[in-house]
Amino acid sequence: MGHPFDTVKVRLQTQNTYRGIVDCVVKIYRYESILGFFKGMSFPIASVAVVNSILFGVYSNTLQALTATSHQDRRAQLPSYTHIFIAGCTGGFLQAYSLAPFDLIKVRLQNQTESKLWPGSPPPKYRGPVHCAVTIFREEGPRGLFRGSGALMLRDTPTLGFYFVTYEGLCHKYTPAGQQPSSTTVMVAGGFAGIGSWVTATPFDVIKARMQMGCVNQRAYKGMLDCIVTSFRQEGLGVFFRGFTINSARAFPVNAVTFLSYEYLLRMWG
Ligand SMILES: CN(C)C(=N)NCCC[C@H](N)C(=O)O
């Protein structure tokens with residue numbers, strides 16, 4: 001559900017040919033058809049369960065270790081926000097490294113603008129996710145598969161701390177004492193946690209996407225600092241918030257459903 005929005009976000013962050021969201025959507029639809037929005041989706045679908053298990057599993061277990069309480073106990077007595085933040089950061093840090101290669105391949109495939117609809121259009125560089133992984137490995141070495149992972153780690157570590165603090169705080173505020181949060185509360189708290197965390201995550205999300213592409217405007221970056229400075233010099237402060245609007249529209253439903261699943265699974269098996 002969220003992938004088409006993600007493709008528009010990634011294109012806005014890494015290509016300067018689009019004038020805005022509408023222009024990007026129209027161009028993708030016109031030149032690449034509806035399928036253009038779904039480029040690079042297979043790896044995220046294959047990896048989302050593992051990546052989310054790492055994030056939510058590490059978060060829950062770290063919180064359990066810090067507070068010596070189970071998930072159900074924590075509903076009655078909210079742990080301190082410092083503990084929630086530390087547990088969220090730990091989950092974010094570890095999920096970043098498991099996500100890095102999948103995210104890299106997703107971004108490279110999403111950025112392929114070539115289309116089978118137009119005769120004479122050159123074939124895309126990557127024929128699919130496996131071919132993309134093999135080509136990156138061959139051309140850029142094993143470390144190439146982790147390109148942008150430093151920026152990804154900086155994006156996910158603190159912001160996932162805020163993500164869980166927002167979620168737990170909102171659930172606690174809108175749930176009567178001693179009760180479990182309702183599905184609506186979980187979805188609204190999850191949706192706002194998603195949007196809130198992306199506010200702080202967007203600058204490093206832009207840098208991460210640009211590092212993963214290796215260059216923007218034919219200019220290769222020498223490192224993360226060079227990417228930050230060059231992007232700022234050439235495109236101004238606004239560059240660090242590219243894709244934020246479309247990403248927020250995506251983040252609300254995606255995170256509402258994510259937290260609803262998390263709560264239901266914990267109630268069933270926790
Ligand atoms: C700000 N960040 C990095 C997050 N909130 N990450 C948590 C995962 C969110 C969900 N899969 C999504 O793509 O929105």
Side-chain angles (χ1 to χ4, degrees), residues 1-13 37-38 40-60 62-63 84-107 109-110 148-171 186-212 240-263 265:
M1 195 170 74
H3 195 81
F5 294 85
D6 191 69
T7 302
V8 175
K9 177 202 80 168
V10 167
R11 295 262 180 116
L12 290 173
Q13 290 179 337
F37 295 99
F38 292 92
M41 195 176 67
S42 53
F43 259 35
I45 289 209
S47 63
V48 70
V50 176
V51 171
N52 275 343
S53 302
I54 294 175
L55 171 62
F56 284 86
V58 171
Y59 166 71
S60 276
T62 308
L63 204 49
I84 297 175
F85 183 74
I86 295 173
C89 291
T90 313
F93 178 79
L94 290 176
Q95 79 128 33
Y97 282 99
S98 56
L99 177 65
F102 297 111
D103 192 65
L104 171 78
I105 290 160
K106 172 187 81 75
V107 167
L109 294 175
Q110 282 175 316
S149 61
L152 181 62
M153 192 267 288
L154 289 173
R155 184 196 80 174
D156 282 4
T157 305
T159 54
L160 283 158
F162 292 126
Y163 179 65
F164 286 104
V165 165
T166 312
Y167 172 71
E168 300 287 3
L170 288 174
C171 277
V186 167
M187 288 177 80
V188 173
F192 279 112
I195 294 186
S197 59
W198 280 109
V199 175
T200 43
T202 302
F204 273 113
D205 192 45
V206 173
I207 300 306
K208 178 222 45 119
R210 291 177 165 223
M211 299 282 300
Q212 286 173 325
F240 299 116
F241 294 93
R242 286 243 189 114
F244 174 69
T245 312
I246 185 100
N247 199 26
S248 298
R250 182 197 70 87
F252 194 95
V254 166
N255 289 287
V257 172
T258 302
F259 274 104
L260 190 67
S261 318
Y262 169 67
E263 291 290 344
L265 291 172

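Ligands are counted one by one from 1 in listed order, and the atoms in each one are counted from 1 as well.
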Which heavy atom of the protein is the closest neighbour of atom 1 (C) of ligand 1, given with residue, atom name and distance?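 Among all protein heavy atoms, the one nearest atom 1 (C) of ligand 1 is Ser197 OG, 3.4 Å.
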
Please state which protein non-hydrogen atom is closest to atom 11 (N) of ligand 1 and give its distance, to 0.1 Å?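 Atom 11 (N) of ligand 1 sits closest to the protein heavy atom Val254 CG1, 4.4 Å.
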
For ligand 1, which atoms, with element, lie under 4.0 Å from some heavy atom of [X]?
X	value
Asn255	9 (C), 10 (C), 12 (C), 14 (O)
Leu160	4 (C), 5 (N), 6 (N), 7 (C)
Ala201	1 (C)
Asp156	3 (C)

Distance flag, aromatic centroids of Phe259 and Tyr163, threshold under 6.0 Å: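 So the answer is yes for these two rings.
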
Does the ring centre of Phe85 sit less than 6.0 Å away from the ring centre of Phe162?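 Here the rings of Phe85 and Phe162 have centres that are less than 6.0 Å from each other.
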
Take a 6.0 Å sphere around [atom1] of [X] and say whether it holds more than 12 heavy atoms from other residues, nucleotides or ligands.
X	atom1	value
Phe252	CZ	yes
Phe43	CZ	yes
Phe240	CZ	yes

To the nearest 0.5 Å, how far apart are CZ in Arg250 and CD1 in Ile195?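 Between Arg250 CZ and Ile195 CD1, I get 10.5 Å after rounding to 0.5 Å.
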
Does Arg250 have a heavy atom less than 4.0 Å from any atom of ligand 1?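 Per 4.0 Å heavy-atom rule, Arg250 contacts ligand 1.
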
